[in-house]
Amino acid sequence: MSAATTRSRTARTPAPDRLCAEAVDLAREAAAEVAAPGVVGEHAGVVAEGDRVVTHFFECHEPGYRGWRWAVTVTRASRAKVVTLDETVLLPGPDALLAPEWVPWSERLRPGDLGPGDLLPTEQDDLRLEPGYTGEDVPPPNSPVSEEMAELVDSEDADLVARTPSRGSIAAVAEELGLRRARVLSRYGMHVAADRWEENFGAKTPMAQAAPAPCVSCGFLMPLGGSLKQAFGVCANEFSPADGRVVSLTYGCGGHSEAAVMPKPPRPAPPVLDSVGTDAFPLRPARDSGSVPPVPPDAASEDLGHS
C-alpha cells in the first residue's frame, strides 16, 4: 500500500477527535434535555463527522421508535480544549422501524375507492384522453388566416383580416353536431381499458377455460359501439357472473344461450278411450224412436197436473 493511498483513506474516514469522543456525559445531557425523561438509553457508539467533529449515538426507549437512536454532535475549535454542543437529533438506525414511503394519492387510488360525493380530477395532459374536437385556435389549412396564406400575404404586402372563430362558438357548433365531449378516449386509453377487461373477463380466465362456447356466439351478448365492438361486448344474462360487465368475445361461461338448449316437451297422442269427456243423453225418448206410443199434443200439459 502506497503512502498516497493511505493518506486518501485517512482523509475520507478521519479518526474521532479524542476530546470530542470523551465528551459522552455532555452528549448525554444534551439528549436528555431534548427527550422525555427515561428515554435516552445506553451509549451506542461514536462516529467522526470531520476534523474535531464527532457524533455520539444513544439508544432510544421511546415507544414506537424501535431501532432509532439519539444522535448528538459535538465539536471543538482548533487548539481549544473545550468541547461544545453542535446539534441533537433523533435518527433511524440500521434496523429501525420506518413508515412506508409516501405515495401520491393519484397512485394510491384503486378501483372501487370512489364513493358517492367523491370527485376524481383528471390531469390536463392525461394520456388516456385526447381532445374530442380540435381547431379551436388553429384555422383550417385553406383558411385565409392560415400560416401558408399569411406568408403569401406578407410576401404580397396585402392586408389580412383575422376572422378566426372564438373558442365558445366552436364549442357551440360542436355541441350542435353531437360532439359534446371536450375529451375522448385516446388510443392509449383504449388499449389500457382493453387490457383490463381482457384480464378480468377474457379467454385466459378459469371460467372461460371451462365454458362450453365463447361469448361471440351467445345470444345474451350486447355488442359495443366504436372500434372496441370487434373484441368486446356487454353480458345481459342475469345468471352469468359477468352480468352487466364488459366481456371479451373470447370469454365464456356456463350460461351460454346455445350451450345446453332444453328440448321442447313432446305433444301427447290423443287417447283411445276417453274417460274424461261426458256423453249427452236426452231426458225424453224421441217421438220417432218407436219405443213408446206417441204422446198427443194436449198431454204435454198433463205432466204438470193441470190443464
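Worth saying up front: this structure is predicted, and the values here are computed from it rather than measured. Scope of the values below: all heavy atoms of this structure, side chains included, with no hydrogens, waters or symmetry mates.
Judged by the 6.0 Å distance and 45° axis criteria, Arg69 is positioned over the aromatic ring of Phe57.
In terms of hydrophobic clustering, with Ile, Leu, Val, Met, Phe, Trp and Tyr side chains grouped at heavy-atom distances under 4.5 Å, Leu221 and Val246 are assigned to different clusters. With hydrophobic clusters built from ILVMFWY side chains whose heavy atoms lie under 4.5 angstrom apart, Val53 does not share a cluster with Val89. Residues Val24 and Leu19 fall within the same hydrophobic cluster, defined by Ile, Leu, Val, Met, Phe, Trp and Tyr side chains chained together at heavy-atom separations under 4.5 Å.
Other residues, nucleotides and ligands contribute at most 12 non-hydrogen atoms within 6.0 Å of the CD atom of Glu123. Glu199 CD: 12 or fewer foreign heavy atoms inside a 6.0 Å radius. Counting non-hydrogen atoms of other residues, nucleotides and ligands closer than 6.0 Å to CZ of Arg28 gives a total above 12.
For Pro92 against Leu98, the heavy-atom pair with the smallest separation is CB-CD2, 3.5 Å. Scanning both residues, Cys20 and His56, for their nearest heavy atoms gives O-NE2, 2.8 Å. Residue Ala96 comes nearest to Gly67 through the heavy atom pair CB-O, 3.5 Å, listed as atom of the first residue, atom of the second, then distance.
Screening Leu97, Val39, Leu90 for a side chain to side chain contact (heavy atoms under 4.5 Å, CB included) involving Tyr65 leaves a single residue, Leu90.
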Compile the donor-acceptor pairs under 3.5 Å between side chains in residues 224-241 and protein atoms, sequence neighbours left out, one pair per line.
from, atom 1, to, atom 2, distance (Å)
Asn237, OD1, Phe239, N, 3.2
Asn237, ND2, Gly255, O, 2.9
Ser240, OG, Ala242, N, 3.2

Tell me which donor-acceptor pairs under 3.5 Å the side chains of residues 189-198 have, and how far apart each pair is, sequence neighbours excluded?
from, atom 1, to, atom 2, distance (Å)
Glu198, OE1, Ser248, OG, 3.2
Glu198, OE2, Ala203, N, 3.4

For side chain to side chain donor-acceptor pair (under 3.5 Å), just list the numbers for Thr122 and Arg128, CA-CA rounded to whole Å, side-chain angles, deciding distance to a tenth of an Å, and then say yes or no. CA-CA 10 Å; Thr122 55; Arg128 301 171 299 172; over 6 Å; no
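Annotation: side-chain hydrogen bond (donor to acceptor under 3.5 Å, both in side chains) contacts involving residues 211-225, sequence neighbours excluded, comprise Ser217-His256.
Distance NE2/His43 to CG/Asp25: 9.5 Å, rounded to 0.5 Å.
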